[in-house]
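To keep things clear, I will list the structure first and then write my remarks on it.
In the text below, chain A, chain B and the rest are named by the order of the sequence lines, each starting its count at 1.
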Amino acid sequence: MELFLEQTLNGLQAGFTLLMISSGLTLIFGMLGILNLAHGSLFMIGAFVAADVAARTGNFLVALLAGVAGAALAGILMETLVIRFLYQRDHLDQVLATLGLVLMANQGVQMVWGIAPRTLARPSWLEGSVSLFGLQYPIYRLAIILAGIATVVVLWALINRTKVGMWILAGNTHRELLGALGVNVTLLYTGVFALGAALAGFAGVVSSPYLTVEAGMGDNFLILSFVVIVIGGIGSIKGAVYGSLILGLADAWGQTYLPMLVGEFTDPSTAAAIGSSLGSASIYLAMVVVLLVRPRGLYGAPSG
Amino acid sequence: MDAGHTERSTRRTPRRWRAALVGLTAAALVLAGCSSDGGGADDATSGAGETGDASEAAPAATDDQATSATDDAGESGGETVTVGMLTTLSGNAAYLGEDTQKGFQLALDLAGADDVELVVEDDAQDAEAAQGLADRMVSRDGAQIMTGIVFSDIANAVVPTVLEQDMLYLSTNAGPSTFAGEGCDANYFSVSYQNDNPAEATGEWVKEQGHANVVAAAPNYQAGQDSVNGFRRTFGELQNEFYTELGATDYAQTIAQIRDEDPDAVYFFYPGGMGIAFVQQYIESGLAEEIPIYGPTFSFDETLVDAIGEAAVGLQNGSFWAPDLDNPANQEFVEAYREANGATPTNYAAQGYDTGRLLLSALDTVGYDVSDTEALREAVAAADFDSVRGDFSFGTNQHPVQDWYILEVVAGEEDGDYTNQVVEKVLDDHVDAYASECSLGDG
């Protein structure tokens with residue numbers, strides 16, 4: 001039972017981290033129609049900027065703000081210099097251009113910060129663990145879960161309670177009309193891209209204490225985010241929320257219980273080897289199951 | 001016609017989504033390819049950039065040496081011998097290769113060996129890229145002897161092609177079972193150990209401490225499995241074992257599983273950045289106060305314990321060497337290394353240094369003429385050098401026969417500096433478990 005609780009919390013922590021990345025990805029795709037492969041690079045840029053600022057100031061909060069701002073700024077640059085010219089092109093062109101951005105970003109951070117990997121320590125006031133229903137659980141991981149919940153609340157309020165949110169929703173389906181009503185669509189697009197970039201940067205900073213800050217660190221998260229938005233339904237933020245949590249939990253539970261299941265049939269060392277491979281596959285298994293039941297994902301638009 | 005028409009109209013609307021899905025799949029494929037192959041090529045280029053610096057730096061150092069030690073140089077008379085060092089210099093295990101290189105370079109510098117040219121390349125922990133680099137080092141840079149690989153999966157990929165060309169490979173670190181038993185080779189020497197050995201020493205110690213129920217955690221690759229097998233050989237049956245992805249840095253799930261097993265002790269094998277992450281998170285989880293952890297020396301090297309800090313003090317590990325090991329060769333090495341690099345050497349540095357010294361002793365014997373592989377091989381096998389670990393000789397499978405110790409992490413002389421100290425010797429003149437399967441001694 002303690003194991004189940006701990007793995008559920010671990011799954012939620014991984015899921016909420018993924019949510020911060022995939023909600024931006026799906027927002028950009030839903031509104032701008034852009035498949036942004038460089039989204040993982042924004043995650044990486046956030047982490048690098050934060051690691052640099054933390055090393056200079058020793059203050060985690062300042063580093064967090066700098067990382068988010070750095071990623072948002074990088075996002076604005078990407079949108080105005082490259083992405084803007086891709087809105088009318090087909091998806092293959094977008095894939096090629098944004099893949100180019102990925103390669104440039106990976107080389108770029110190495111040129112600026114060198115090839116030696118960096119680390120970002122969690123702040124001292126979030127170190128250690130607390131007792132939760134008899135389980136000692138790391139405070140920092142709980143903080144990530146809370147930050148994830150806060151992200152969901154803020155995004156929900158932004159989209160459902162503000163004028164900008166209304167524009168974003170309208171832009172999903174009626175871009176021309178939005179422009180005709182006098183909304184500055186160009187600026188709105190840049191803003192949405194920057195918001196997605198900031199979210200990715202935020203995720204990059206908060207997950208860095210459990211990662212090595214190095215070139216290409218976001219690639220793995222990007223692939224998982226694609227799985228999330230396929231599960232959740234392309235373009236749907238609600239889908240991204242559920243998709244992320246399903247993925248996080250499927251991974252945590254799969255990694256734990258599948259090896260146990262295999263262990264019933266084979267000796268421990270084979271079970272450990274097979275089980276851990278099966279565990280890693282559990283997220284893709286979850287994707288297959290969801291797509292079999294709902295081919296457009298959980299909240300995918302039924303007909304465009 | 002009518003049916004056809006309706007089908008068409010239902011198809012028209014979702015076209016955007018269909019195109020998106022196709023694009024997305026393409027993107028995922030491209031990216032997956034990018035992170036394995038493309039990433040590798042990418043790393044290789046950055047590696048080449050890095051090597052530019054490294055190989056510039058290395059000859060520069062030897063040049064300095066040449067000016068200061070020209071008197072010695074005259075004696076050997078032979079031509080320059082080129083040694084190819086393929087090692088890990090990027091990623092979160094970069095310091096493993098850097099220390100290997102520093103140790104090896106120190107051996108050359110102290111001996112004033114300006115007849116040895118060291119060519120260094122970064123394998124970036126990418127087996128495919130490493131094979132290409134090894135070929136290039138031999139064909140373009142003219143490497144005559146190869147050495148330096150840190151990770152066993154890279155060694156498994158690269159070493160066979162080196163041996164095929166009738167060249168000697170001297171392993172500074174990786175000691176996979178592949179080349180220790182039936183697969184042993186006359187041209188392959190492990191100057192470090194066989195992978196199972198550090199685990200065997202630790203297993204013996206953990207058993208002596210009276211721990212009955214033990215779980216093991218290791219990365220899922222050859223050295224990880226070798227390590228757990230080695231531990232099991234001396235300790236006995238394990239309660240459970242957990243394997244994680246190589247290079248992983250988030251150990252929340254493994255720690256949850258360890259907590260659930262509630263063992264008396266944990267054995268873990270996590271070299272480099274993986275070890276820093278595992279131990280920090282293990283301590284953060286609160287488990288460290290209840291369940292002690294043990295590991296081979298790779299999980300506790302000097303860089304790693306410095307990163308963990310005070311919490312590492314008292315942790316015990318199995319090793320063939322420690323900075324305080326009491327013999328003249330070691331004292332000379334540790335002092336010179338501290339002077340040259342401003343840090344206490346890690347085991348990787350000691351291994352690099354010993355490999356360098358072994359090679360120099362062999363080159364002296366053959367008069368720096370490496371054209372006769374047979375003679376060079378015999379000279380290396382004689383192991384006519386003073387090892388920093390004291391007793392050292394090669395067994396029939398050309399892996400070391402050496403003593404094994406239990407070390408304990410202690411606070412160093414300076415603030416924030418931690419190091420390992422010998423507690424006691426656990427295995428004497430230890431021979432690895434695969435030696436009997438090797439037929440080299442029979443001929």
Electrostatic pair A/Glu6:B/Arg259 at N-O distance under 4.0 angstrom | yes

At a heavy-atom separation under 4.5 Å, does [X] approach chain B through its side chain, its backbone, both, or neither?
X: A/Asp90; answer: neither
X: A/Arg118; answer: neither
X: A/Leu135; answer: side chain
X: A/Glu127; answer: neither

How many angstroms lie between atom [atom1] of [X] and atom [atom2] of [Y], to the nearest 0.5 angstrom?
X: B/Glu245; Y: A/Asn220; atom1: CD; atom2: CG; answer: 6.5 Å
X: A/Asn10; Y: B/Ile255; atom1: CG; atom2: CD1; answer: 8.5 Å
X: B/Leu287; Y: A/Ser129; atom1: CG; atom2: OG; answer: 9.0 Å
X: B/Thr249; Y: A/Met217; atom1: OG1; atom2: CE; answer: 8.5 Å

When you measure from the side chain of B/Gln257 to the backbone N and O of A/Gln255, does any donor-acceptor pair fall under 3.5 Å?
-> yes

Would you check if the side chain of B/Asp260 reaches a backbone N or O of A/Leu3 as a donor-acceptor pair within less than 3.5 Å?
-> no

Give the table of side-chain donor-acceptor pairs shorter than 3.5 Å for residues 264-271 of chain B, with sequence neighbours excluded, one pair per line with atom names and distance.
from, atom 1, to, atom 2, distance (Å)
B/Asp264, OD2, B/Ala212, N, 3.2
B/Asp264, OD2, B/Asn213, N, 3.0
B/Tyr267, OH, B/Ser227, OG, 2.6
B/Tyr270, OH, B/Thr244, OG1, 2.8

Bottom line for B/Ala277: the part with an atom under 4.5 Å from chain A's heavy atoms is neither

Keeping to residues at least two apart or across chains, list the ring-ring contact (aromatic ring centres under 6.0 Å, His included) pairs with something in residues 97-142 of chain A.
-> A/Phe48-A/Trp113, A/Tyr140-A/Tyr210

Does a sphere of radius 6.0 Å around CD in B/Glu290 hold more than 12 heavy atoms from other residues, nucleotides or ligands, not counting ones at 6.0 Å or beyond?
-> yes

Would you check, one step at a time, whether the test side-chain hydrogen bond (donor to acceptor under 3.5 Å, both in side chains) holds for A/Arg141 with B/Gln281?
-> CA-CA 11 Å; A/Arg141 290 188 192 274; B/Gln281 289 166 35; 3.2 Å; yes

